[in-house]
Every structure is written in structure tokens, then in C-alpha cells.
2 protein chains.
Amino acid sequence: MTLAEENYLKAIYHLEQQFPKGVSTNALAEEMKTKASSATDMVKKLAEKDMLTHIPYQGATLSEAGRGYAVKVIRRHRLWEVFLVEKLNFSWDEVHEVAEHLEHINSDKLIDELDAFLEFPIYDPHGDPIPDKQGHFKHIEKIVLAKAEVGSTYKCVGVDDTSSKFLKYLDSNAIGLGTIMTIKHKEPFDNSIKIALEHSEMVVSQSVAKNLYLKKV
Amino acid sequence: MTLAEENYLKAIYHLEQQFPKGVSTNALAEEMKTKASSATDMVKKLAEKDMLTHIPYQGATLSEAGRGYAVKVIRRHRLWEVFLVEKLNFSWDEVHEVAEHLEHINSDKLIDELDAFLEFPIYDPHGDPIPDKQGHFKHIEKIVLAKAEVGSTYKCVGVDDTSSKFLKYLDSNAIGLGTIMTIKHKEPFDNSIKIALEHSEMVVSQSVAKNLYLKKV
DNA sequence: CTTATAATTTAGACAAAACTAAAAATATGT
DNA sequence: ACATATTTTTAGTTTTGTCTAAATTATAAG
Ligand SMILES: [Mn+2]
Ligand SMILES: [Mn+2]
Ligand SMILES: [Mn+2]
Ligand SMILES: [Mn+2]
């Protein structure tokens, strides 16, 4: 698999969560920040390699081989993110770009040893699960802040948006993985939510509330 | 710089040690395991980018910028090799191939933090010096085993050939960086050399003797 | 000095991965 | 149902880095 093919497989894998009955050319092109014609070309190439099935005009679906390969790339990406945060003093908003490159280095020994060196982490710095060598994910129970119940207390366990902007916003408000919060009030007018942290209270907008994952404590 | 350009710069840098008055197209093509016409094309491109000067039919010489870039890639390569050996249990014959890929990941923070994490190593697992952030090498005093004096005692400080075959040969004879040896006899007939290690004696061929670096103790 | 050989460059082609523009298929609205 | 809008595919280019084959320049020998 070339670098470009690996990136497409990963993109299709992520889009399949959202579109389980087939990933459209336009969605894929948007995810890859490229044009629809390029996406078509690559989908045809990956179909030729039996990484996916493609019905023209209907969308693409990963084969077992394609899904396995995508999961492998995701495993590498997330392990490197852990390494960068735990060992090289990167913050959670700095790791993604570098991990996008590291994830393409193809050496089983490298990844297995890295996994052991990091003591077999289960979650990456954004709370996303790291598949094991066999490609199995540890399922993580989580709800999005937007659907949390008023009066209940939760622990922050993940983020959906991993953009630097969003993560820095969270940093500046002392919200990170493990942060405990209680839902004080949901404002029906604009879907903003008032939350209580350990030493402060704050109101977060709907777009924040849709990108923070919580678990009841 | 693209991946291919970085590899060519590194190759030219290494060949300049051997051919200080200019690297020939054929030598470069051989080093890069490609054809002379491809080497010519790349040399012209690198000349266009002011990474080197090229007089047609006469050879290529790195510019300051080109040399600086080559040294940067070498620094990355050797730091990753240290990481693989020190932290991920790679042996010295396994690191080169993976480091060939890792060396192309371009992030100053990544390399500076890695350097600090490894506690600023000065030599890589093959005894080669690691340039610092400014591109300065620590000069290492060493002679090749083939030119060692009979009767003197030396410490092994490096290898020239870093092929897996050669390194595994050394492993199987308990020779590594730091190994102490005394030169017992030089055989004029085939230039083989009898050496005494801590607990054994052995005879090494000329091709081994030309690839082991020593320092008098 | 002329010729043979070797090294180097040029010309033309190809594969990968992208693009633009145009054609074809599908989906939508009345 | 049918015209229109949207999505997807096809056709034809482009760039990067490679190749083969042919032409050019340098080097060596007689
Ligand atoms: Mn990431
Ligand atoms: Mn992540
Ligand atoms: Mn190496
Ligand atoms: Mn080395």
C-alpha cells in the first residue's frame, strides 16, 4: 500500500461509521481535501486491489482486507500520538500532524515494540481507542455532552473534533481527559449548557457540547 | 525537499567524503541504486534549487544549504537509530532500514524532543557521530583495524559497513562497540589479522579488518 | 592526432496521483 | 412524467521520479 492508498483507506474507514451503507465519492473527496474525480480514480484502484467493493454511482464499502489495513494504520497513528504526548512533551493539539506522517512507517516490530514501550495503552490522547495487534478495539461507553442529563456528574473521556483550535479552547478552560463536571442547566434557546467544574462554572456553546464525550461517574 | 531529494542529498554528502572534488553521476547512481540518467535529472533539479553546483560532465558539489540539509537528515537518521536500540529493543543490524523511513519526518520539535529524551547522544549504534542542532559533528579519532599496530590494544568504536550480514557476523563473534582487542599478528599473505579478545582469540579476514574502526587505549 | 572506450546527458516514455472540463447517471421538484 | 439540479465518472493534462535508447562529451590508447 502506498502512502496515498493508506490515507484513503483510513478516510473510508472513518466515513463508514457515518455512512454504513456505502461511502460516496463526494464525501470521500471532501474528507481527503481533493476533487471527486481523484477520489473516483483511487476508489477504482483500491477496488482493483480488493481493498473495497465499488458499485459505480452507488458508493464504496471496505472489504475485510481493506478494513484490516485501515485499522492497522489507525493503530499506528494513535500509538505514535501517545508516544509524542507521554515521552516527547507534545500537547494533545500538536500530535495529530506529526502522527499523520509516522503512521505510514510500516514495520511490525517497530509498532509492537512501541506498544510495549508505552505499556500497551488503550486510549490515545484524544480518548480514542487504540486497536490491539489483532485489530480489536476496546469499546468505550460514552455520550456526547449535548445529550447529558441536568443534575448528573460526568467524567470527560474524549473529543470528537481534534483540531488545534478546539483543543486549545479546552486547555484554556481547564478541560481535558479525566475532568469531572456536573451539568447545571441546558438552555433551550441556543442549546448552550452550563457546567460546573471542580473550582468554577462555565457555559459552553452547542458546538462545544457536540464535540465533548462524557461518561457518567 | 521531497523524500527523493533528501535521499539524494544524503547520498551526495556521503560520497563527497570519498570524492571531495566532485561526485560523479555514475557513483551517485550506484549509491542510489538507480540509473545514471535518473541521477542526472535529480542533480539538475537540486542545482536549480541551489542545493548544489553542477558542471556538466564534471560532477556535483553540495552548496552550504545542501550540506546543511544533508546533515539535518543524517541527524534525524542517527537519532532514530539510537531510539530504536535504546528504547525499542532493536539490535544494531535492524535499525537502518526503519531509520531510512523515520529520517524523512520533518518536524523540528519532534527531533529536538527526541534528542532530549535520549539525553543528547553523541554516537549512533554504529559508532557514527550525531550532529547537534547546529550541524556540528563531534570529531571522533579512529583508525581502521587493517592499519592497527601489532602488539597494541584498542577499543572498537565503529563500523564502516552497516549491513545486517556484517553486523551479525560481529555479534556472533562477540565484537561490538566498546570491545577491547589486542593485535596479535598480521598475515602478509592474505592481510588477515589475528586478534585477542577478552576471553578468546580469532583471525579476521581483510574485508572485516577494513570495516572495523578502533581507538587506542 | 586519431580512434576506441567509457561516462554523461538528452530525448522520449511510463506510472502514480493529482487537476480541469465535459459527459453520463442519478436524484429532485412540480 | 419530465425538466432540472446534483453527483459521479470519463477524458485529457500535469508533475515527480523513474526507465531505455540514442546522442554527446571526456578519457585513454596507439
Ligand atoms: Mn490524530
Ligand atoms: Mn487521536
Ligand atoms: Mn543507518
Ligand atoms: Mn548508523
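Below, read A as the first sequence line, B as the second, and so on, with proteins coming before strands; counting in each chain starts at 1.
For residues 55-65 of chain A, every residue pair satisfying the salt bridge (charged side-chain N to carboxylate O under 4.0 Å, His left out) rule, not counting sequence neighbours, is listed here: A:Glu64-A:Arg67.
Remark: B:His54 is not in phosphate contact with C:dT8, judged by side-chain N or O atoms under 4.0 Å from OP1 or OP2.
Within the 4.0 angstrom heavy-atom criterion, base atoms lie near B:Ala36.
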Distances for protein N/O vs nucleotides 19-24 of chain C N/O pairs under 3.5 angstrom?
residue : atom : partner : partner atom : Å
C:dC19  : OP2  : A:Thr34 : OG1          : 2.4
C:dC19  : OP2  : A:Lys35 : N            : 3.1
C:dC19  : OP2  : A:Ser38 : OG           : 2.8
C:dT20  : OP2  : A:Lys35 : NZ           : 2.9
C:dT20  : O4   : A:Ser37 : OG           : 2.9

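Two rings, from A:His77 and A:His96, have their centers less than 6.0 Å apart.
For residues 5-14 of chain A, proximity to DNA chain C is found at A:Tyr8, defined as any non-hydrogen atom under 4.0 angstrom from a strand atom. In the region residues 16-29 of chain B, proximity to DNA chain D at under 4.0 angstrom, judged on heavy atoms, holds for none of the residues.
Counting non-hydrogen atoms of other residues, nucleotides and ligands closer than 6.0 Å to NZ of A:Lys194 gives a total of 12 or fewer.
Straight-line distance from the CG atom of B:Leu3 to the C1' atom of D:dT16: 12 Å, rounded to whole Å. Here C:dA16 presents its C1' atom at 13 Å from CG of A:Leu46, a figure rounded to the nearest Å. At whole-Å resolution of the value, NZ in B:Lys44 and P in D:dT16 are 15 Å apart. In this structure, A:Gln58 atom CD and D:dT7 atom P are separated by 15 Å, rounded to whole Å. For the pair B:Glu48 CD and D:dT16 P, the computed distance is 12 Å after rounding to whole Å.
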Please tabulate, one pair per line, all N/O donor-acceptor pairs under 3.5 Å involving side-chain atoms of residues 22-39 of chain B, not counting sequence neighbours.
residue : atom : partner : partner atom : Å
B:Ser24 : OG   : B:Ala27 : N            : 3.1
B:Thr34 : OG1  : B:Ser38 : OG           : 3.4

Mind listing the side-chain donor-acceptor pairs of residues 109-119 of chain B below 3.5 Å, one per line with the distance, residues two or more places apart or on another chain?
residue  : atom : partner  : partner atom : Å
B:Asp112 : OD2  : B:Lys133 : NZ           : 2.8
B:Glu113 : OE1  : A:Asn89  : ND2          : 3.1
B:Asp115 : OD2  : B:Arg75  : NH1          : 3.2
B:Asp115 : OD2  : B:Arg75  : NH2          : 3.2

